[in-house]
Protein chains: 2
Amino acid sequence: MATIRDVAKHAGVSVATVSRVLNETGYVHEDTRKKVETAISELHYTPNEVARSLYKRKSRLIGLLLPDITNPFFPELARGVEDQMQENDLRIIFGNSDENLKKEKDYIQTFVQNNVVGVIASTNDPDTDTYRKLNIPVVFLDRTADNRPSVYADGREGGRIAAHEMIARGSRQITVMQGPKHIRPAQDRYQGAVDVLRDQGITFNVIKTSSFSFTEAGTWAKELFEQHPDTDGVIASNDIVATAVLHEALRLGKKVPEDVQIIGFDDIPLSSLLTPSLTTIRQPAYDMGRAAAGLLIRLIDNENIDHNTIQMPVTFTERETTRKVEQQHG
Amino acid sequence: MATIRDVAKHAGVSVATVSRVLNETGYVHEDTRKKVETAISELHYTPNEVARSLYKRKSRLIGLLLPDITNPFFPELARGVEDQMQENDLRIIFGNSDENLKKEKDYIQTFVQNNVVGVIASTNDPDTDTYRKLNIPVVFLDRTADNRPSVYADGREGGRIAAHEMIARGSRQITVMQGPKHIRPAQDRYQGAVDVLRDQGITFNVIKTSSFSFTEAGTWAKELFEQHPDTDGVIASNDIVATAVLHEALRLGKKVPEDVQIIGFDDIPLSSLLTPSLTTIRQPAYDMGRAAAGLLIRLIDNENIDHNTIQMPVTFTERETTRKVEQQHG
DNA sequence: TTGTATGCGTTATCAT
DNA sequence: ATGATAACGCATACAA
């Protein structure tokens, strides 16, 4: 690899001059610029980011920490982040946390050790020292921390909407799936749904689940219909689980949505391709990723941000696992 | 951030000594080691990886380049890579290429600028200078380059199997979906299927597709049944497309697998949750990721590798979008 | 307009 | 067993 010295020598100038043309800082004569530029291209020189980073004490890397990209919701987030970062010449060090605080700490440490300029994290524990003591900007994505930069959708409201729509469409033996205890958004959705159900005096059952994994989802689904065979409406904690519930319902010979309605959460790309296609509470994942990246960049550039927390809309996405209603309502 | 000097001062020793305990290199008295260690923990010191990387000319980062993690096949790959890397204290700079050579070059450049110790890439152009001129180990994942380190599944064989099984199950008006031209594995599968179909004298139609995107998949599916309404067997280029085909077939009132059989490719997590569940040619994605990471690490450690290219088995994964046969065959 | 010299935080060489 | 110091590749302050 050629270094800046090689370029300088090749062009017959000093390293400082090369640095100047590289960074477009300070004066440099047109002729010498030309010389330097040809030297650069002849030697296929590209600056060593590591040396740069050491000197400036900041890299052009950001850290992205997501729970598990194997869950189709997160790749959407990730692409949003990446595309936006790309447009700003920032690259990504990526890690999956598995919602595990130790892994999170490990990755955060890696991030700072590598001089990242900022981090985007989906964490359930934004209030630990891990994040508090970070002296680089952090944006929480798909998670909230009061008064700190974050981009998220209103899960509680989503849960409420799901319950409302489910009731409006006639289900009276509703089962709500309670997602993993330690995952905040899962609990928000659950809470929102329960609030409305209680409010309306609808009886409902709860199935507790402890992961969002594809393999386990089938287990919860089976459990659901074993324990509550007369369920006529399921509010699932996300689209993966909803897909498993749909699969199991159909396997049991139930008609969807006639016998049982199902509402998911997220609107992962696949949901519309199921048969019947899945009614769900949509989160604009890609846009959330982009928004988080945009916010982080503004934070990095030290712009004065008026509102740090961006709440994205959740939208009821009506498809075929719910029945039609004549009259719409809130 | 505390530096090694701070630690040295705090412990009353020289930086060299601190470095020695840090790296467990050279002699250091037990007592001074203790002093240094307490200094380290009191100051919450962690070594600056950037400085390390500059000196050693190699970081503890690897570059991972995948086409698009939005396609559920790739997150599996990515997790396999990450989990294996994690176990070896290596972290990942990640990028999506969108099968686009320019983006690839950009990312590869970023990788070398950041002193990555190796790269894992899914590329259709392993024989460009972009990769040839790299003087760090590269492992091609889900792609091949003759005689160069790679981990891949035998797509051609997969295509053959799909065709065989389809024929054995009685389909005679088969439509083969030809994936994007520039994506090698897609063409391999296609070619494999076509080889067998020709060989057996089975008539078949072809639907050309130009992406694996969820949104466009529906379009190909519609096109398929419009152009070839009497199709009784579809060999799809991957599970995303197969899912769309299944969806469309059902929408048209066709019975699956009675009227039309469908075979996908990949076995993404979701495939087993469809109804009917999707018969597919499975690639062991997670294991492929792990294997690629393992191979890369051995390359980095300069171990003499006897065989650079690891071919993983594809397996016919029989589920419900194909009919049963009494007698199994090759 | 250009060049020299210093320091970013480490590791490793060479003394001691 | 420990310390002083050069070097990794770059950007900047200061000189010229």
Side-chain angles (χ1 to χ4, degrees), chain A residues 1-37 39-40 43-61 89 109-117 135-136, chain B residues 1-37 39-40 43-61 89 109-117 135-136:
Chain A
M1 286 288 90
T3 78
I4 198 173
R5 307 185 85 93
D6 299 328
V7 175
K9 200 158 294 177
H10 196 83
V13 299
S14 76
V15 295
T17 302
V18 177
S19 181
R20 282 189 198 99
V21 344
L22 243 30
N23 302 289
E24 305 184 25
T25 162
Y27 297 88
V28 37
H29 191 88
E30 193 50 33
D31 296 351
T32 49
R33 143 166 289 118
K34 281 276 189 327
K35 281 194 299 182
V36 171
E37 275 165 355
I40 287 175
L43 295 168
H44 297 104
Y45 168 77
T46 58
N48 181 323
E49 277 299 327
V50 176
R52 237 176 210 180
S53 172
L54 179 60
Y55 180 85
K56 302 192 127 192
R57 288 151 149 164
K58 50 160 82 177
S59 68
R60 279 158 55 176
L61 262 16
D89 276 318
Q109 188 184 353
T110 299
F111 293 163
V112 324
Q113 285 181 320
N114 283 282
N115 280 176
V116 302
V117 280
N135 45 12
I136 48 175
Chain B
M1 287 287 88
T3 77
I4 199 173
R5 306 187 86 92
D6 299 327
V7 175
K9 201 158 295 176
H10 196 83
V13 299
S14 76
V15 295
T17 302
V18 178
S19 180
R20 282 189 197 97
V21 345
L22 242 31
N23 301 290
E24 305 184 24
T25 162
Y27 297 89
V28 36
H29 191 88
E30 192 51 31
D31 296 351
T32 48
R33 143 165 289 117
K34 282 275 188 328
K35 280 194 299 183
V36 171
E37 275 165 356
I40 286 176
L43 272 57
H44 297 103
Y45 168 78
T46 58
N48 182 324
E49 277 298 328
V50 176
R52 243 180 204 177
S53 171
L54 179 60
Y55 182 85
K56 301 192 129 192
R57 287 150 149 165
K58 49 160 79 178
S59 68
R60 279 159 55 177
L61 262 15
D89 275 318
Q109 188 184 353
T110 299
F111 294 163
V112 323
Q113 285 181 320
N114 283 282
N115 279 175
V116 302
V117 280
N135 44 14
I136 49 176

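So that the names make sense, note that chain A is the first sequence line, chain B the second, and so on, each numbered from 1.
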What's the closest nucleotide to the B:Ala16 side chain, out of D:dA11, C:dA12, C:dT10?
C:dA12
Just the rounded figure in Å: distance from P of C:dT11 to CG of B:Asn115.
15 Å
Got B:Thr17 and B:Lys35 here, is their nearest side-chain heavy-atom distance under 4.5 Å?
no
From CD of A:Glu30 across to C1' of C:dT2 the rounded distance in Å is 15 Å
5' priority, DNA chain C, between B:Thr3 and A:His29 [closest heavy atom]
A:His29
Atom CD of B:Glu24 and atom C1' of D:dT2 are separated, to the nearest Å, by 18 Å
For a quick check under 3.5 Å, do B:Thr110 and B:Asn114 share a side-chain donor-acceptor pair by atom type?
no
Could you check if a side-chain atom of B:Val36 sits within less than 4.5 angstrom of a side-chain atom of B:Val28, using non-hydrogen atoms only?
no
Picking from D:dG3, C:dT10, C:dG3, which would you name as closest to the side chain of A:Val13?
C:dG3
Among D:dT12, C:dG9, C:dT2, the one nearest B:Leu54 by side-chain distance:
C:dG9
Taking the side chain of A:Arg20 as its heavy atoms from C-beta onward, which of D:dA1, C:dG3, C:dT10 lies nearest to it?
C:dG3
State which residue, out of A:Val116, A:Val117, A:Ile136, fulfils the side chain to side chain contact (heavy atoms under 4.5 Å, CB included) condition with A:Lys58.
A:Val117
When rounded to whole Å, the OH to P distance for the pair B:Tyr55 and D:dA6 reads 13 Å
Residue A:Ile4, side-chain atoms from C-beta onward, closest of C:dG3, D:dC10, D:dT5:
D:dC10
Side chain of A:Ser14 only, please: which of C:dT10, C:dA5, C:dG3 is the nearest?
C:dG3
D:dT2, C:dA12, C:dT1: which one has an atom nearest the side-chain heavy atoms of B:Val28?
D:dT2
OP1, OP2 of D:dA11 versus side-chain N and O of A:Asn23: anything below 4.0 Å?
yes
For a quick test of reading the model: is some side-chain N or O of B:Arg5 closer than 4.0 Å to OP1 or OP2 of C:dG9?
no
Is any side-chain N or O of B:Arg57 closer than 4.0 Å to OP1 or OP2 of D:dG9?
yes
A:Asn114 CG - C:dC8 P separation (whole Å):
20 Å
Thinking salt bridges, do A:Lys34 and A:Glu37 make one under a 4.0 Å N-O criterion?
no
Given atom CD of A:Glu49 and atom P of D:dC10, what is their separation to the nearest angstrom?
10 Å
Expressed in angstrom and rounded to an integer, what is the separation of B:Lys58 atom NZ from C:dT11 atom C1'?
14 Å
Specify the residue among B:Ala51 and B:Thr32 whose closest nucleotide of DNA chain D lies further upstream toward the 5′ end.
B:Thr32
In whole Å, what is the span from the CG atom of B:Leu22 to the P atom of D:dT2?
15 Å
Regarding the side chain of A:Thr17, the nearest nucleotide among D:dA11, C:dG3, C:dG9 is C:dG3
Can you check whether B:Gln109 reaches A:Thr46 side chain to side chain, under 4.5 Å on heavy atoms?
yes
